[in-house]
Amino acid sequence: MAVGTTTAPADAPPARRRRWPVRRADLLVVAGYLALAVLLTSGQWGRPDRLFHQAGDQVLFEWMLARAARSVVEAENPLHSTALNAPDGVNLMANTSVLGLGVPLTPVTLLFGSQAAFLTAVVCCLAGTATAWYALLRRRLVDSRVAAAVGGLCCGFAPGMVAQAGAHLHMAAQFLVPVILALVFRPAPDRVWRSGVLLGLTVTYQVFLGEEVLVFVALAAGVFVLAYALADRAAARRLAPAMLARIGIGAAVAVVLLAYPLWFQFFGPGHYRGMPFHAYGYQLDAASFTASARQTVLGDDYLPGLLSPNPTEENSFFGPGLLVLAVVVTGWLWRRPLVKALAVCGVLFALLSLGEQIRLDGTPTGIPGPYRLVSGLPLLDLAVPARLSLVCVPVLGILLALSLDRVRSLRPAADAGPAGGVPVRLLWAGAVAAALLPLTPTPIRTVPAWPVPPYVAEGGWRAAVPAGRTVVPVPPVTGAGLSPAMFWSARTGLAFDAPGGYFIGPRSADDPAARWGAPDRPTSVLLRRVAETGEVPVVTDADRRQAVEDLRHWRAAVVVQGGLHRGDPVRRTVDQLLGPGREIGGAWVWDVRPLVG
């Protein structure tokens, strides 16, 4: 996540920063970030048969990007769609629709498909976040371009950022976070209205990237402000009026722009209450902070699996070297109010990420975590505790940048080292390299995916599916997991409507409690059980009647089975329910129009 940064007069760089011309060196830094992001996604470029290891999450975001493109081209409501979970549809505003990525990536989606759009989004999130932090560091906090580049690299490509990027675009899209903080903590008291309006517009855009990130920014910035005010009361009193004015103006602008989308999210069709999982299950182990993440050169599968909820939430794996370095930097630069506030913020959010009960090496310690003091607060009761440690990422990146900039500014006599030994600059550069090299990210792991059957991909279904009817993939997954309906829909540009899917919605029309996917229907439960176990059940007449009823509810025209791990048992079960199917274009197809009318 991101943390607030500010510059009081004691911490501010010279006024020459007001104009910051982009030079060739800056372009080389950005090009380096882009190259690294492309390398990390290399396992999928030109490989439609591969998905990142959290395959279901990638399919979700591919579908969201395809839906955003369709809403642009066909001028449809971007906040709701009936292309999935037919006939009821999905409240996209109440899900991670990432419209802030999907709308501008519409040309990529239309020309090259949802997979290319997703990979482009991952590259933009990683490289864009690193670039934004580099710009903020270079403009506001450090003189050294190298220091800013290293800080940006840490902020954009830390293990937690890479882990999130492979599955959660809404968490990886943090390139507006430095912009928000730069506007909130603008050191000059002038242009309050302009900065406030820009702040409101940026916050609004961030909502359409990821609301959870925005909540973390607000919390971290609040903690930072309090810590900074205690460290430098005079500067806080001097800067507070303009800052509060900017925040007030920004809030007013954002409220006006977000009034309807937020109403739709919390009260519109398909809204829900709460979350479909227990947040306390998503906490980090205290030992994770000194461990190596899977997606690093020293990582493996065993230890991270013990210390984090899943591969996507490896947000705290900084390694011992970087943490020791951070402690040294904090002690070295402790007199700076900026460093004090950063340290408070980083430590607090690291502790909060440990959840309600602290675990060590996979074992509960019985020690209550500070998160239990805030877990019931609005918004925080919906947050995943493990993600709070993402606030530590920019804290560490900024501390590294400040230290490198300070070392660079040493006079020759101070740089000579003890008794004329190795220069301090060289020693410190070696220490930073030793801390960061073990965190070098590796290409995001991929897993194989069943290709979209030609019958679906090439539109063979169109002759059998009239307007208002749906294609029902088998099994019609309605809960969390890899959904054929979503995958096929995304890869075909939402060419057809389908039931089920992977999203969060209400349990029923009368019960708004959150659940994964659509309310279960007996036929989907039956087929999902067969797909999971490979056991063909005894199908009764009651099962057949129920299947017809469920197909009528889904407004089905054809039922289609593509590649499945246990495909033959599922096919035989569907044959018993609906009659013999036909193999067409690499898929088994059942034309159910005569059954459902």
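For the single chain, residues carry numbers from 1 onward in sequence order.
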(request) For the pair Ile398 and Trp133, evaluate side-chain contact (heavy atoms from CB on, under 4.5 Å) and give the outcome as yes or no after the intermediate values. (result) CA-CA 9 Å; Ile398 295 168; Trp133 280 109; 4.0 Å; yes

(request) Verify the neighbour count for atom CH2 of Trp193: are there more than 12 heavy atoms of other residues, nucleotides or ligands below 6.0 Å? (result) no

(request) Grab the two heavy atoms, one from Ala254 and one from Thr204, that are nearest each other, plus how far apart they are. (result) CA-OG1, 3.6 Å

(message) If the condition is ring-ring contact (aromatic ring centres under 6.0 Å, His included), which residues does Phe496 pass it with, not counting sequence neighbours?
(response) Trp461

(request) Name all residues meeting the side-chain contact (heavy atoms from CB on, under 4.5 Å) criterion together with Ser97; count only those two or more places apart in sequence or in a different chain, and write none if there are none. (result) Met64, Leu92, Leu99

(message) Using side-chain heavy atoms (C-beta onward) and a distance below 4.5 Å, is Arg529 in contact with Leu526?
(response) yes

(request) Inspect the contact between Asp511 and Arg273 and indicate whether a charged nitrogen and a carboxylate oxygen are less than 4.0 angstrom apart. (result) no

(message) Going by ring-ring contact (aromatic ring centres under 6.0 Å, His included), name the residues that satisfy it together with His271, two or more places apart in sequence or in a different chain.
(response) none

(message) ring-ring contact (aromatic ring centres under 6.0 Å, His included) for Phe185 and Phe224? Distances and angles first, verdict last.
(response) CA-CA 11 Å; Phe185 297 115; Phe224 180 89; 5.7 Å; yes

(request) Hey, could you give me the CZ/CG distance between Phe289 and Leu354, rounded to the nearest 0.5 Å? (result) 5.5 Å

(message) As an exercise, state the distance from CG of Asp57 to OG1 of Thr96, rounded to the nearest 0.5 Å.
(response) 8.0 Å

(message) Can you tell me how far apart CZ (Arg387) and CZ (Phe349) are? Round to the nearest 0.5 Å.
(response) 15.0 Å

(request) State, without any angle test, whether Glu313 and Gln164 hold a side-chain donor-acceptor pair at a distance under 3.5 Å. (result) yes

(message) Using 0.5 Å steps for rounding, measure from the OH atom of Tyr371 to the CG atom of Leu373.
(response) 11.5 Å

